[in-house]
Participant: 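Supplied in structure tokens, the structure appears directly below.
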Number of protein chains: 4
Amino acid sequence: MTQSRRSQTRRGPDPERYHEIVGAAAEIFRQKGYSATSIQDIADAVGILKGSLYHYVRSKEDFLYTIIKDATEAALREIQTVARMEAGAVHRLVAFVHAHVRFATGHLTAYSIRLREMRRLSPDRRGKIRADGEAYNKVMQDILVQGQEQGVFDAGMDVELMTTILLGQLNAVTRWYREGGPYTPEQLADVFAGTVLSAVVSDRGLGGEGIEELRRRVLTISAGKAAART
Amino acid sequence: MTQSRRSQTRRGPDPERYHEIVGAAAEIFRQKGYSATSIQDIADAVGILKGSLYHYVRSKEDFLYTIIKDATEAALREIQTVARMEAGAVHRLVAFVHAHVRFATGHLTAYSIRLREMRRLSPDRRGKIRADGEAYNKVMQDILVQGQEQGVFDAGMDVELMTTILLGQLNAVTRWYREGGPYTPEQLADVFAGTVLSAVVSDRGLGGEGIEELRRRVLTISAGKAAART
Amino acid sequence: MTQSRRSQTRRGPDPERYHEIVGAAAEIFRQKGYSATSIQDIADAVGILKGSLYHYVRSKEDFLYTIIKDATEAALREIQTVARMEAGAVHRLVAFVHAHVRFATGHLTAYSIRLREMRRLSPDRRGKIRADGEAYNKVMQDILVQGQEQGVFDAGMDVELMTTILLGQLNAVTRWYREGGPYTPEQLADVFAGTVLSAVVSDRGLGGEGIEELRRRVLTISAGKAAART
Amino acid sequence: MTQSRRSQTRRGPDPERYHEIVGAAAEIFRQKGYSATSIQDIADAVGILKGSLYHYVRSKEDFLYTIIKDATEAALREIQTVARMEAGAVHRLVAFVHAHVRFATGHLTAYSIRLREMRRLSPDRRGKIRADGEAYNKVMQDILVQGQEQGVFDAGMDVELMTTILLGQLNAVTRWYREGGPYTPEQLADVFAGTVLSAVVSDRGLGGEGIEELRRRVLTISAGKAAART
DNA sequence: AATGAATGAGTTTTCATTCAT
DNA sequence: AATGAATGAAAACTCATTCAT
């Protein structure tokens with residue numbers, strides 16, 4: 001695994017310390033960017049000499065890989081619950097948005113890095129992560145297709161393009177969301193659920209109600225979700 | 001303006017050469033990121049020794065500043081035509097989306113850098129650009145307010161938040177758009193116009209028609225725009 | 001070629017300086033060994049900052065490669081005159097020993113490095129040099145075969161093994177020869193010519209004279225060589 | 001002796017483990033060279049953490065010192081049997097060559113290191129070993145003198161120089177000999193005995209026979225040695 | 001005996017920048 | 001306008017060694 005230098009060198013002990021160090025690295029990567037962060041910066045944050053970091057990691061890139069890999073896997077794990085959800089497309093899309101916003105804001109540091117710094121990884125390592133990333137997108141794409149089949153989403157939309165656009169919209173939240181800011185993740189998710197649903201819904205999906213009613217309905221669904229989840 | 005800035009740095013001839021060099025720098029900044037790009041990389045791309053670059057620029061950051069400043073000013077200049085446009089909010093929002101997508105894709109390199117590398121600028125220089133950036137956002141915000149006043153946009157929406165979300169959505173296009181790809185900028189703008197309008201429209205804005213009809217209407221408007229422009 | 005960093009970076013100027021620096025590196029490599037020599041050591045010897053060395057070379061190994069490659073090629077060039085020599089095997093073997101000792105002592109630094117540090121080169125670069133090294137050995141081997149065919153060298157000897165042994169003997173001179181020491185290169189070559197000839201000569205090669213006479217004869221040949229050369 | 005040295009460093013048990021570790025170090029020193037070998041390399045080979053090596057040794061140099069010291073002492077011990085041998089110079093020189101080749105090939109790793117890495121030892125420690133090294137050389141030198149006195153070796157030869165040359169020749173075997181290669185140590189020793197004897201023999205030493213007969217005689221002597229030894 | 005964390009000094013290499021020519 | 005040499009600081013990484021457990 002990533003956290004062992006040579007298999008003889010580390011076998012188990014103090015994964016907490018390792019976690020702490022990776023966490024510190026992540027925080028700095030997010031603030032300054034990966035390329036602009038030096039090993040010295042990380043060492044300073046941990047209160048250790050820079051050479052000592054190589055106890056935990058074989059290269060600076062290892063930090064990045066660990067952070068991105070863990071974030072990607074965790075994100076996929078979260079979204080799988082939506083993928084497995086038995087419900088109509090509208091409900092599932094709302095759930096997707098909520099799960100996504102919750103994860104992105106709840107793991108803001110790691111997820112931001114995942115979005116911005118993937119290019120810094122070696123092609124090899126990027127490749128290992130790509131599959132998970134695609135599986136993630138696939139979840140949304142499947143929901144859009146389901147909605148088209150059910151007639152509740154616009155039959156004319158280009159599902160692949162729309163997936164890209166909507167995920168782009170959702171991911172952009174990492175650029176400005178800050179904990180303790182004016183909106184809670186749930187509030188943001190509610191708004192996003194509205195914009196996302198509005199973007200794909202069909203006339204039949206609106207079901208005679210107006211679009212404002214749709215937005216209100218989305219809130220009820222979210223509330224249900226939140227309730228269900230408590 | 002580039003011209004004026006440069007005249008401080010150098011009197012000598014060949015502004016074309018200067019343009020060429022800044023263009024080369026921009027291309028590499030976009031590909032590798034500012035921090036990961038070395039002066040040597042730029043020199044190699046131009047076929048010059050790295051020391052010679054300092055005839056055109058006083059520091060590496062100067063390249064970045066020129067690129068971002070020019071892109072920001074040009075973007076604002078483009079969007080001002082929309083700001084000054086006398087029309088209903090729906091028409092103007094469609095026009096905004098089109099202008100934005102056209103610019104972002106047409107100046108992909110510079111605009112991507114503007115979005116991703118602003119943090120690398122000194123606070124001083126970042127400050128000089130921020131005003132233009134905010135003016136840009138203000139244009140969309142004003143349109144949303146106008147739409148609310150006209151009753152065609154959802155009265156309940158948080159205009160500031162929605163501006164952030166929608167611009168985030170539009171800017172994300174720079175992450176995946178490539179010239180010669182499957183969609184033309186105009187096609188993309190049409191789709192974006194649909195998602196953006198759907199996100200903000202009110203029941204009265206829908207005007208009794210369904211949401212699918214709204215999306216179709218947006219296309220007509222775009223076509224008008226395109227026609228007007230030809 | 002080796003001495004240029006990027007083709008744009010160095011085109012010609014001051015090969016003298018480059019030579020001087022490589023020479024300094026060679027001297028230190030011989031004294032301390034390649035692995036134990038730091039770039040700092042070289043920089044100190046040249047009176048330059050260590051970073052500045054990378055103006056001339058892309059890596060520490062580049063120094064080693066240049067030194068070994070040049071030494072190997074020069075040695076081969078020298079020995080080719082013996083290879084092309086039209087004469088009996090005895091004369092040619094004496095000439096070989098003289099050329100070899102002259103080169104090894106005359107290029108003591110570079111040739112010592114060539115013998116001791118080849119392993120530090122990347123397999124790739126080692127491969128590029130190996131051919132020249134083998135061509136060198138081949139020259140002696142051919143002379144031994146010629147001598148066997150002429151009947152002047154022992155028909156029973158294993159030519160390949162004897163080549164290895166005799167070259168090993170000759171190369172060992174680099175371990176203890178020092179300029180200004182008690183023996184001149186020519187004196188050493190005379191002694192070596194005796195040991196080498198004695199090792200391979202056949203009874204017919206001795207031609208009825210004793211072995212001491214052979215050793216004396218070898219001196220005459222050398223003297224002729226030396227004379228011819230003056 | 002190893003045993004005694006070690007007892008200063010550690011009281012504890014398991015001298016076998018110590019031997020194993022020093023052996024592993026030696027093997028790596030020979031392959032990569034002392035300077036290029038890290039403590040980590042040795043630890044990896046033994047399957048231990050590098051810090052743990054300091055239970056056996058006080059410094060990296062200790063490994064080298066132990067290896068070289070043991071090899072030098074053992075070599076001297078072996079050659080002493082030849083030094084004490086009561087026989088003619090020719091017989092004793094043949095015996096020397098055999099003992100030397102047998103030792104060098106039989107302790108290839110340690111003896112190679114002894115030859116190549118002596119310079120890495122501190123002057124102090126090098127000094128402690130030098131005496132043994134010189135005693136070793138002295139054995140051959142004495143034989144050459146004995147041969148001159150007996151008239152069987154060339155009276156005109158420079159004994160000191162010849163000792164250096166012939167030992168250089170013999171030691172070079174460590175550069176290419178590999179166990180399981182095409183020649184057994186005994187076969188090599190036979191060939192070396194021929195070249196060494198030929199290099200020093202006088203006309204009277206040849207005793208009217210030709211030089212080829214000398215080489216054959218040398219084989220008989222070796223055979224006798226081998227027989228005597230079985 | 002061994003671990004695993006850490007040190008501190010060192011390694012090779014990179015890089016933005018300067019400057020005489 | 002450009003070169004090529006050099007600077008000086010910092011980068012990533014290595015390594016012998018120490019030490020509490």
Side-chain angles (χ1 to χ4, degrees), chain A residues 4-5 8-14 17-18 21 35-43 46-61, chain B residues 10 12-14 17-18 21 35-43 46-62, chain C residues 5 8-14 17-18 21 35-43 46-61, chain D residues 10 12-14 17-18 21 35-43 46-63:
Chain A
S4 56
R5 260 211 77 166
Q8 294 121 334
T9 311
R10 303 193 75 250
R11 174 111 8 126
D14 220 341
R17 182 81 168 127
Y18 175 70
I21 293 173
S35 296
T37 297
S38 75
I39 283 285
Q40 183 69 260
D41 291 333
I42 301 170
V46 184
I48 224 180
L49 289 178
K50 65 185 166 183
S52 307
L53 287 176
Y54 289 84
H55 225 337
Y56 299 92
V57 120
R58 256 200 287 272
S59 73
K60 185 183 162 188
E61 207 209 274
Chain B
R10 39 193 297 285
D14 221 340
R17 183 83 168 127
Y18 175 71
I21 292 173
S35 296
T37 297
S38 75
I39 284 285
Q40 181 70 259
D41 290 332
I42 301 170
V46 184
I48 224 179
L49 286 182
K50 63 180 168 179
S52 309
L53 288 176
Y54 288 83
H55 280 284
Y56 298 93
V57 117
R58 259 195 297 270
S59 74
K60 184 184 165 190
E61 208 209 274
D62 277 11
Chain C
R5 260 212 77 166
Q8 295 123 333
T9 313
R10 304 194 73 251
R11 174 110 9 126
D14 220 340
R17 183 80 169 129
Y18 175 70
I21 292 173
S35 296
T37 297
S38 75
I39 283 286
Q40 183 69 260
D41 291 333
I42 301 171
V46 184
I48 224 180
L49 289 178
K50 64 185 165 180
S52 308
L53 288 176
Y54 288 83
H55 226 336
Y56 299 92
V57 118
R58 255 199 289 270
S59 74
K60 185 183 162 190
E61 207 209 275
Chain D
R10 38 195 296 286
D14 222 340
R17 183 82 169 128
Y18 176 70
I21 292 173
S35 296
T37 297
S38 74
I39 284 286
Q40 181 71 257
D41 291 332
I42 301 170
V46 185
I48 224 177
L49 286 182
K50 63 181 167 177
S52 309
L53 287 176
Y54 288 83
H55 280 284
Y56 297 94
V57 116
R58 258 195 297 271
S59 74
K60 185 184 164 190
E61 208 210 273
D62 276 12
F63 280 120

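Just so we're on the same page: letters track the sequence lines, and every chain starts at 1.
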Participant: Nearest 0.5 Å please: distance from the CD1 atom of Ile39(B) over to the OG atom of Ser52(B).
Facilitator: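 Reported value, rounded in 0.5 Å steps: 11.5 Å.
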Participant: Under 4.0 Å: is that the gap between some side-chain N or O of Tyr54(C) and OP1 or OP2 of dT14(E)?
Facilitator: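 Looking at the OP1 and OP2 atoms of dT14(E), neither is under 4.0 Å from any side-chain N or O of Tyr54(C).
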Participant: Under 4.5 Å between any side-chain heavy atoms of Phe63(D) and Thr37(D), yes or no?
Facilitator: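 Side-chain contact under 4.5 Å: no.
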Participant: With a 4.0 Å cut-off on heavy atoms, is Ser38(A) in touch with a base, just the backbone sugar-phosphate, or nothing at all?
Facilitator: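 The answer is sugar-phosphate, as Ser38(A) gets under 4.0 Å only of primed atoms, P, OP1 or OP2.
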Participant: Using side chain to side chain donor-acceptor pair (under 3.5 Å) as the criterion, list what pairs up with Ser38(A), not counting sequence neighbours.
Facilitator: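 For Ser38(A), the residues satisfying side chain to side chain donor-acceptor pair (under 3.5 Å) (neighbours in sequence not counted) are Asp41(A).
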Participant: Between C1' on dT3(F) and NE2 on His55(B), what's the gap in Å once rounded to a whole number?
Facilitator: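 Going from NE2 in His55(B) over to C1' in dT3(F) covers 8 Å.
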Participant: Could you pick out which residue, Arg17(B) or Gly51(A), lies toward the 5' side of DNA chain F when each is mapped onto its nearest nucleotide?
Facilitator: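 By nearest-heavy-atom nucleotide position, the 5'-most residue is Arg17(B).
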Participant: Between atom CD1 in Ile39(B) and atom P in dA6(F), what is the gap in whole Å?
Facilitator: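 Atom-to-atom, Ile39(B) to dA6(F), this comes out as 21 Å.
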Participant: Please determine if a side-chain N or O atom of Tyr56(C) lies less than 4.0 Å away from the OP1 or OP2 oxygen of dA6(F).
Facilitator: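 Affirmative; the distance criterion is met.
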Participant: Looking at every strand, decide which applies to Ser35(D) at a 4.0 Å heavy-atom threshold: base, sugar-phosphate, or nothing.
Facilitator: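 Contact class for Ser35(D): none.
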Participant: If you round to the nearest 0.5 Å, how far is CG of Leu49(C) from NE2 of His55(C)?
Facilitator: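 Those atoms lie 12.0 Å apart.
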Participant: Taking NZ from Lys60(A) and P from dT14(E), how many angstroms apart are they, rounded to a whole number?
Facilitator: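 Rounding to the nearest Å, NZ of Lys60(A) and P of dT14(E) are 14 Å apart.
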Participant: Pairs counted only when both distances fall under 3.5 Å, Watson-Crick or G-U: show me the 5' to 3' dot-bracket for DNA chain F, [ ] for pseudoknotted crossings and | for other-strand partners.
Facilitator: .||||||||||||||||||||
Participant: Of all the nucleotides listed (dT13(E), dA1(F), dA6(F)), which has the minimum atom distance to the side chain of Ser59(C)?
Facilitator: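 Closest nucleotide among those given: dT13(E).
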Participant: Nearest-Å distance, CD1 (Ile48(C)) to P (dG4(F))?
Facilitator: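 Ile48(C) atom CD1 is separated from dG4(F) atom P by 16 Å.
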Participant: Name the nucleic acid region contacted by Leu49(A), choosing base, sugar-phosphate or nothing; use a 4.0 angstrom heavy-atom cut-off, strictly under.
Facilitator: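 The residue Leu49(A) makes base contact.
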Participant: Closest to the Lys50(A) side chain: dA12(F), dT7(E), dT13(E)?
Facilitator: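 Nearest to the side chain of Lys50(A) among the choices is dA12(F).
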Participant: Using whole Å, report how far OH of Tyr18(B) lies from P of dA2(F).
Facilitator: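 These atoms are roughly 14 Å apart.
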Participant: CZ of Arg58(B) versus C1' of dT17(E): gap in Å, rounded?
Facilitator: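 My rounded result for the distance is 14 Å.
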Participant: Could you check whether any side-chain heavy atom of Ile48(C) comes within less than 4.5 Å of a side-chain heavy atom of Arg17(C), counting everything from C-beta outward?
Facilitator: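 Counting from C-beta outward, Ile48(C) and Arg17(C) do come under 4.5 Å.
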Participant: Looking only at non-hydrogen atoms, find the nearest pair between Leu53(C) and Ala43(C) and report the distance.
Facilitator: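 So the two residues come closest at CD1-N, 3.7 Å.
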Participant: Take atom CD of Gln40(B) and atom P of dT3(F), then tell me their distance rounded to the nearest Å.
Facilitator: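 Answer to the nearest Å: 12 Å.
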Participant: 5'-most contact on DNA chain F: Glu61(D) or Ser52(C), nearest heavy atom basis?
Facilitator: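 Looking at the nearest nucleotide for each, Ser52(C) comes out on the 5' side.
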Participant: Select from Thr37(C) and Ala36(B) the residue whose nearest nucleotide in DNA chain E is closer to the 5' end of that strand.
Facilitator: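 Per heavy-atom nearest nucleotide, the more 5' residue is Thr37(C).
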Participant: Of all the heavy-atom pairs spanning Tyr56(B) and Tyr18(B), show the shortest one and how long it is.
Facilitator: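 Heavy atoms of Tyr56(B) and Tyr18(B) come nearest at O-CE1, 3.5 Å.
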Participant: Can you tell me the distance, in whole Å, between the CG atom of Asp41(B) and the C1' atom of dC15(E)?
Facilitator: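 About 10 Å, once rounded to whole Å.
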